Protein chains: 2
Amino acid sequence: MDDDGSVLTETPERQQVKGTQTLLRGLAFLECVADGVGDVKGIAARLGTPRSTTHRMLSSLVAEGYLHHVPYKGYLLGPKLIALGGKALEQRPLVALARPHLEALARYTCDTVHLGVIEGAEVFYLDKIPGTRGLEMRSRVGYRMPLASTGLGKALMLGLPRNRWRALYDRAQELSASVPDRPPLAPWPEFEERLARYVGDGWSFDLEENEIGIRCVGAPVRDIRNRVAAAVSVASAVPYMPDDRMAELGPIVRATADAISKELGWTPELTPNGPR
Amino acid sequence: MDDDGSVLTETPERQQVKGTQTLLRGLAFLECVADGVGDVKGIAARLGTPRSTTHRMLSSLVAEGYLHHVPYKGYLLGPKLIALGGKALEQRPLVALARPHLEALARYTCDTVHLGVIEGAEVFYLDKIPGTRGLEMRSRVGYRMPLASTGLGKALMLGLPRNRWRALYDRAQELSASVPDRPPLAPWPEFEERLARYVGDGWSFDLEENEIGIRCVGAPVRDIRNRVAAAVSVASAVPYMPDDRMAELGPIVRATADAISKELGWTPELTPNGPR
DNA sequence: GCAATTGTCTCATCATATGGGCATGCATCT
DNA sequence: AGATGCATGCCCATATGATGAGACAATTGC
């Protein structure tokens, strides 16, 4: 049993598995393939399993439809994962409730609409409705982004205590540094000042801070306890997003977010102005 | 390898597993939860595992993010499955290649656009772009439907040999009978005759056969070997889909499908008229 | 052509998951 | 309100089931 620390995967915490390391190992295969390592040798090296075991596990996963196998070429994630991902979305009442509102917003704006929630220090994209202007966003359902980098994420940050903003800002900046084509964030004082303003407004802007050429307007969705449970955003290319349109869009996006909030049991009276 | 048509709804028991029954069992938990069985007792009963084991496995899956646990309420599919589902889609070159074409089609028609492939006797929804007319489709990425029930599925059937049509027709009719609010299929002779006509046209219609009030136009996508690899469809409510518009849409949907086909290496010259 | 990688199989070994049992605490029923 | 059912969490002896080395065939690519 690989008790030495030679498994240098992404998992930082070594969990003291209670009695399912076969299952966990199998799941590790999935994540390995998800990360683009599709060849047997690479997988075996990454997980530290001998070829025999690697083959056995991969075969089982293929047989169950969790992986797709192209002989002598490699492994890809399988259709069952697509299906389970879809079901996972259906099981989230938030997604089902938000859909009609997101569609209405997409129809009104003709731009790409996103729904996301916080996961750790990142925003997790739960739903996406592509815009009808013919430009592609590389976001996808299941995608992640640092909170401080996107309008969606910043809307989510509005619900967090201010003393946590800095850490998230730093986190996003780390990623900006590591990825070459990513624009830098605004300087911290300016960033904080803007975010403070967004708290008062009830919506947030992203001015090409995440991706050059893309601007976006976001707003937080609150649950029955007035906690930020999700966020909505509208994104489009700069030519479609002049300053005055963004100013118009702010209240509209907020209205959509509030409508979803109401579906979650939120009552607007409790927050005439000011968060939490 | 989709040669055996004996894949029933679910594999009840198979025992020729080579050596990963722990892993397979764990995956069975996921599918169990996916089917809506979220309580411990139900899961244990369904899979025949004692409570101890059930808990241990569920805990591991929760710890890994594959399941989400609401204490004393039940289990739901977790965020990691959403993420893996998204990655699984990204890894399919078909989805990435088709996206721009689907978006263009959605933009042009203002209606809901679907992309699907064959899986067994069903159509598997790989992508969906909601229409901008404000009506909701209950389809979702990862969804399944009998091939013969939908315009998308019928487009896929155009690539199958005619002697397999009947079996798929019967299969769809079984489901129609079991689900109460599902409209019946057209009688077989008429169904076959229509499908034969669609082969010549290169597109297919669905006249409220799958869902009352929904009409749809589909067309097959072919790969480099001229085999049907996927299908595209446009769906909308009847008021938006009069006969003459459907007739117009046929060549347009086909053109979109052909454009995707070309991205897959398909060459139109090989099929002036007539399939395979 | 050769070399490297992958697929398929067997088998002895022992590590691994098993599942019964029991204690605690939450939730729903009457 | 009280009471029962159910979920959760943990221990541990057992044998079941996964392990991994090895050998060979099939395939790709150079």
Side-chain angles (χ1 to χ4, degrees), chain A residues 1-7 9 14-30 32-33 36-78 91 224, chain B residues 1 3 13-30 32-33 36-78 91 224-225:
Chain A
M1 63 171 189
D2 48 346
D3 45 352
D4 59 319
S6 65
V7 187
T9 61
R14 302 272 304 172
Q15 65 282 11
Q16 64 295 349
V17 289
K18 293 188 297 188
T20 54
Q21 97 275 59
T22 300
L23 173 56
L24 297 183
R25 210 184 269 207
L27 299 178
F29 280 91
L30 293 183
C32 191
V33 175
V37 183
D39 58 319
V40 178
K41 190 166 195 178
I43 296 172
R46 198 174 200 269
L47 301 181
T49 53
R51 291 180 252 279
S52 265
T53 306
T54 307
H55 269 297
R56 183 164 3 102
M57 291 233 169
L58 288 175
S59 300
S60 291
L61 290 170
V62 168
E64 291 294 311
Y66 285 81
L67 292 180
H68 183 237
H69 182 31
V70 184
Y72 296 99
K73 277 208 69 180
Y75 292 82
L76 295 173
L77 297 178
Q91 288 188 352
I224 193 166
Chain B
M1 55 172 164
D3 42 358
E13 65 266 347
R14 58 198 172 300
Q15 286 299 339
Q16 78 287 6
V17 287
K18 295 195 300 185
T20 54
Q21 132 260 64
T22 301
L23 173 57
L24 297 184
R25 209 184 271 205
L27 298 178
F29 280 92
L30 293 183
C32 192
V33 175
V37 182
D39 58 319
V40 179
K41 189 168 192 180
I43 297 173
R46 198 173 200 266
L47 302 181
T49 53
R51 289 188 259 280
S52 247
T53 306
T54 307
H55 271 296
R56 185 165 359 105
M57 292 234 170
L58 288 175
S59 301
S60 291
L61 290 170
V62 168
E64 291 293 311
Y66 285 82
L67 290 180
H68 183 236
H69 181 33
V70 185
Y72 297 100
K73 275 208 68 182
Y75 292 83
L76 295 173
L77 297 179
Q91 288 188 353
I224 193 168
R225 288 192 194 118

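Sequence lines set the chain letters: A, B, ... in the order given, protein chains first and strands last, and positions in each chain run from 1. As the structure is a prediction and not an experimental result, all values here were calculated from the model.
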Spacing of [X] atom [atom1] relative to [N] atom [atom2], expressed in whole Å:
{"X": "A/Ile43", "N": "C/dT5", "atom1": "CD1", "atom2": "C1'", "result": "13 Å"}
{"X": "A/Leu23", "N": "D/dG17", "atom1": "CG", "atom2": "C1'", "result": "15 Å"}
{"X": "B/Leu24", "N": "D/dA18", "atom1": "CG", "atom2": "C1'", "result": "12 Å"}
{"X": "B/Lys41", "N": "D/dT4", "atom1": "NZ", "atom2": "P", "result": "16 Å"}
{"X": "B/Tyr75", "N": "D/dC6", "atom1": "OH", "atom2": "P", "result": "16 Å"}
{"X": "B/His69", "N": "D/dG9", "atom1": "NE2", "atom2": "C1'", "result": "11 Å"}
{"X": "A/Leu61", "N": "C/dG7", "atom1": "CG", "atom2": "P", "result": "14 Å"}

Record whether the side chain of [X] comes under 3.5 Å of the base of [N] through a donor-acceptor pair of N or O atoms.
{"X": "B/Thr22", "N": "D/dG17", "result": "no"}
{"X": "B/Ser52", "N": "C/dG21", "result": "yes"}
{"X": "B/Arg51", "N": "D/dG9", "result": "no"}
{"X": "A/Ser59", "N": "C/dG7", "result": "no"}

(request) Give a yes/no answer on whether the side chain of A/His55 brings an N or O atom under 4.0 Å of OP1 or OP2 in C/dG7. (result)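 True: A/His55 side-chain N/O within range (under 4.0 Å) of C/dG7 OP1/OP2.
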(request) Report yes if a side-chain nitrogen or oxygen of B/Arg25 is closer than 4.0 Å to either non-bridging phosphate oxygen (OP1 or OP2) of C/dG19; otherwise report no. (result) yes
(message) Pick the closest DNA chain C nucleotide for B/Pro71 and for B/Thr53 by heavy atoms, then say which residue is nearer the 5' end.
(response) B/Thr53
(message) Judged by each residue's nearest nucleotide on DNA chain D, which is more toward the 5′ side, A/Lys73 or A/Pro50?
(response)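 Comparing both residues, the 5'-ward one is A/Pro50.
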(message) Side chain of B/Arg56, heavy atoms from C-beta onward: which of D/dT19, C/dG19, D/dA7 has the nearest atom to it?
(response)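 Selected nucleotide (nearest to the side chain): C/dG19.
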(message) Can you identify which nucleotide, out of D/dA7, D/dA26, C/dT8, has its nearest atom closest to the A/Tyr72 side chain?
(response)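 Side chain of A/Tyr72 sits closest to D/dA26.
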(message) Could you check whether any side-chain heavy atom of A/Leu77 comes within less than 4.5 Å of a side-chain heavy atom of A/Leu67, counting everything from C-beta outward?
(response) yes
(message) If you define the side chain from C-beta out and look only at heavy atoms, does anything of A/Tyr75 sit under 4.5 Å from A/Leu61?
(response)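 No, side chains not in contact.
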(message) As an exercise, state the distance from CZ of A/Phe29 to OG1 of A/Thr49, rounded to the nearest 0.5 Å.
(response) 4.0 Å
(message) What's the separation between atom NZ in B/Lys41 and atom CD1 in B/Ile43, rounded to the nearest 0.5 Å?
(response)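 B/Lys41 NZ to B/Ile43 CD1: 13.5 Å, rounded to 0.5 Å.
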(message) Does A/Thr20 form a side chain to side chain contact (heavy atoms under 4.5 Å, CB included) with B/Thr22? I'd like the steps, not just the answer.
(response) CA-CA 8 Å; A/Thr20 54; B/Thr22 301; 5.7 Å; no
